[in-house]
Number of protein chains: 2
Amino acid sequence: MERAPTRKRENSEQRILDAAISLFATRGYAATGIRQIADKVGLTTASLYYYAQTKDELLLRVMRVGLGELLASGEEAVAASTDPREQIRGLLKVHLNFAAGNPERARVIDNEFQWLDDEDRESVIALRDAYEQLWADAITEGCRRGIFLVKNVSLTRLALLEMCNGATHWYRANGPMSLEQIVLAFEDMAFALLRTDEPLTVAPAPGAGLTVETAQSPQ
Amino acid sequence: MERAPTRKRENSEQRILDAAISLFATRGYAATGIRQIADKVGLTTASLYYYAQTKDELLLRVMRVGLGELLASGEEAVAASTDPREQIRGLLKVHLNFAAGNPERARVIDNEFQWLDDEDRESVIALRDAYEQLWADAITEGCRRGIFLVKNVSLTRLALLEMCNGATHWYRANGPMSLEQIVLAFEDMAFALLRTDEPLTVAPAPGAGLTVETAQSPQ
DNA sequence: GTCTATACTAGGATAGAC
DNA sequence: GTCTATCCTAGTATAGAC
């Protein structure tokens, strides 16, 4: 029937979620009051309850939507190539775009899921695990083919993701490095990590043959 | 005169700090009530105020002590050798021992300094910066000598530290990897990161100007 | 859809007895 | 050194008018 209420609803709904993201990111979920959210949107607390029945429903929605997008983008990136190197490149781009493109939302998703109740947390962690599995699969497949050389897939995956998430702490849109430059820099670091060090542990004599292992099969 | 009050005081004081660390780590500073701290120690909230005049004085003490220890250990590790590789090895060991040896305290130090007032936060960040500078100096010196090859010292330092801090999230004392094994694995990853891929394809002219950026914010 | 008004709980902090 | 008792503020959430 009438469209006005719907338009209005979508407006306030999104504004409430945006305000929640911003406050959850800077003050943490627990320290954020619904009064603050309401103030930021320009509504009263009572009005918030028209859109969400509890405070943690807001958090849940932020996480479900965000992780859903991340997972979808990740799956798309992985599907774009069968070459593990290209898959990692794609995942890096997706992850850094996500982390730097909306660092507040990324920080909330990263840090606040302890506040969800058991059931919700489980469903959110399932999304996160599915996403991390994309990385694990690409790394494992790269190792299987001898393109990557890592001793411990899980440790490497954690190091890579942790490294990328660091960007949510220091990335600024108007900083000295563009997002493209950052992606390139992280590609360098990621591919450095994806080769085990052992073949390199002998310090190269300067000037002498700086033989660097290129990606090659172990046989 | 009497020693009893002193002994008593030191006992409760440490117990209060330990309880605060544990609660700040699992629930966050803002979501932790002084009533919870008091309950955990077995005192009343009024008694807490005998030891600390405000809640954030507890947080400040945790951070000052912790970062002070970390900085001292870091300086010791760096002083133990002039070889940047050994310095990095020492810093890795110090950092991982700190992060895994008391992950709760490490998480508090890492995540909660936003709650300090401006003056206290400044002094705490100065400690953290001094510690991070140890890493930056070791990396820079390694690059100067042509031992390390990194494009961006700050980005690499951040990636390394972020990677290590990840251990506070997943390390368990009774997990499948011992702390020694983890240190070794991180040494591999760290030294992999400290050589960028690209410059290695060209043998660096030894001693010649391998111009390396000095420490600065990565952006 | 948004409001006013309000219920109820828990927060940090203090005074003063023991 | 630790307590009881209490102040005041801010928290989430709800009822019901408009």
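First the proteins, then the strands, lettered A, B, ... as listed; each starts at 1. For the numbers below, each heavy atom of this structure counts, side chains included, while hydrogens, waters and symmetry mates do not.
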A.B. asks: Counting heavy atoms from C-beta on, name the nucleotide in dG11(D), dC3(C), dA13(C) closest to the side chain of T45(B).
C.D. replies: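 Between dG11(D), dC3(C), dA13(C), the one nearest the side chain of T45(B) would be dA13(C).
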
A.B. asks: Which sits closer to the 5' end of DNA chain D, A31(A) or R35(B), going by the nucleotide each is nearest to?
C.D. replies: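 Taking each residue's closest nucleotide, the earlier one in sequence belongs to R35(B).
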
A.B. asks: Write down the distance between CD1 (I37(B)) and C1' (dT2(D)), rounded to a whole number of angstrom.
C.D. replies: 17 Å

A.B. asks: Between atom CG in D39(A) and atom C1' in dC3(C), what is the gap in whole Å?
C.D. replies: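 Distance, rounded to whole Å: 14 Å.
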
A.B. asks: Determine yes or no for a side-chain-to-main-chain donor-acceptor pair under 3.5 angstrom, with K55(B) supplying the side chain and Y29(B) the backbone.
C.D. replies: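 Here the side-chain-to-backbone pair exists.
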
A.B. asks: If you check the Q36(A) side chain, which of dG11(D), dC3(D), dG12(C) turns out closest?
C.D. replies: dG11(D)

A.B. asks: Does a nitrogen or oxygen in the side chain of T54(B) sit under 4.0 Å from OP1 or OP2 of dA13(C)?
C.D. replies: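 So the side chain of T54(B) is outside the cut-off, no N or O lying under 4.0 Å from OP1 or OP2 of dA13(C).
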
A.B. asks: Please answer whether the main-chain N or O of I88(B) pairs with a side-chain N or O of K93(B) as donor and acceptor at a distance below 3.5 Å.
C.D. replies: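 Such a contact is absent between K93(B) side chain and I88(B) backbone.
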
A.B. asks: Would you kindly give the CG-to-C1' distance between L48(B) and dT4(D), to the nearest whole Å?
C.D. replies: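 After rounding, the reported distance stands at 16 Å.
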
A.B. asks: Would you say dA15(D) has OP1 or OP2 under 4.0 Å from some side-chain N or O of Y49(A)?
C.D. replies: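 No, Y49(A) has no side-chain N/O under 4.0 Å of OP1/OP2 on dA15(D).
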
A.B. asks: Take atom CD1 of I34(B) and atom P of dA13(C), then tell me their distance rounded to the nearest Å.
C.D. replies: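 Rounded to the whole Å, the gap is 6 Å.
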
A.B. asks: What's the CD-P distance between E57(A) and dT14(D), to the nearest Å?
C.D. replies: 12 Å

A.B. asks: Taking only the side-chain nitrogens and oxygens of S47(B), find out if one of them lies under 4.0 Å from OP1 or OP2 of dG1(D).
C.D. replies: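 So the side-chain polar atoms of S47(B) never come under 4.0 Å of the phosphate oxygens OP1 or OP2 of dG1(D).
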
A.B. asks: Does dT2(C) have OP1 or OP2 sitting under 4.0 Å from an N or O in the side chain of Y50(A)?
C.D. replies: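 For dT2(C), OP1/OP2 do not have a side-chain N/O of Y50(A) under 4.0 Å.
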
A.B. asks: When you measure from the side-chain N and O atoms of S12(B) to the phosphate of dT2(D), is any distance below 4.0 Å, counting only OP1 and OP2?
C.D. replies: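 Yes, such a contact exists.
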
A.B. asks: Is T44(A) near enough to dT2(C) that one of its side-chain N or O atoms lies under 4.0 angstrom from OP1 or OP2?
C.D. replies: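 No, because none of the side-chain N or O atoms of T44(A) sits under 4.0 Å from OP1 or OP2 of dT2(C).
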
A.B. asks: Considering only dC3(D), dA13(D), dC3(C), which nucleotide approaches the side chain of L43(B) most closely?
C.D. replies: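 For L43(B), the side-chain atoms sit closest to dC3(D).
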
A.B. asks: Taking the side chain of Y51(B) as heavy atoms from C-beta outward, which of dA13(D), dG1(D), dC3(D) is closest to it?
C.D. replies: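 Of all the options, the side chain of Y51(B) is nearest to dG1(D).
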
A.B. asks: Determine whether a donor-acceptor pair (N or O, by modelled atom type, separation under 3.5 Å) exists between the side chain of E13(B) and the backbone of Y51(B).
C.D. replies: no

A.B. asks: Tell me whether the centres of the aromatic rings in F186(A) and H95(A) are closer together than 6.0 Å.
C.D. replies: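 No - the distance between ring centres of F186(A) and H95(A) does not fall below the 6.0 Å cut-off.
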
A.B. asks: Quickly work out the E13(B) CD to dG1(D) C1' distance and round it to whole Å.
C.D. replies: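 These atoms are roughly 12 Å apart.
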
A.B. asks: Before accepting this row, confirm whether a basic side-chain N of the pair R64(B)/E69(B) lies closer than 4.0 Å to the acidic partner's carboxylate O.
C.D. replies: no

A.B. asks: Starting from P on dG12(C), measure out to CG on L58(B) and report it in whole angstrom.
C.D. replies: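 Answer to the nearest Å: 11 Å.
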
A.B. asks: Rounded to whole Å, how long is the line connecting atom CZ of R15(A) with atom C1' of dG1(C)?
C.D. replies: 13 Å

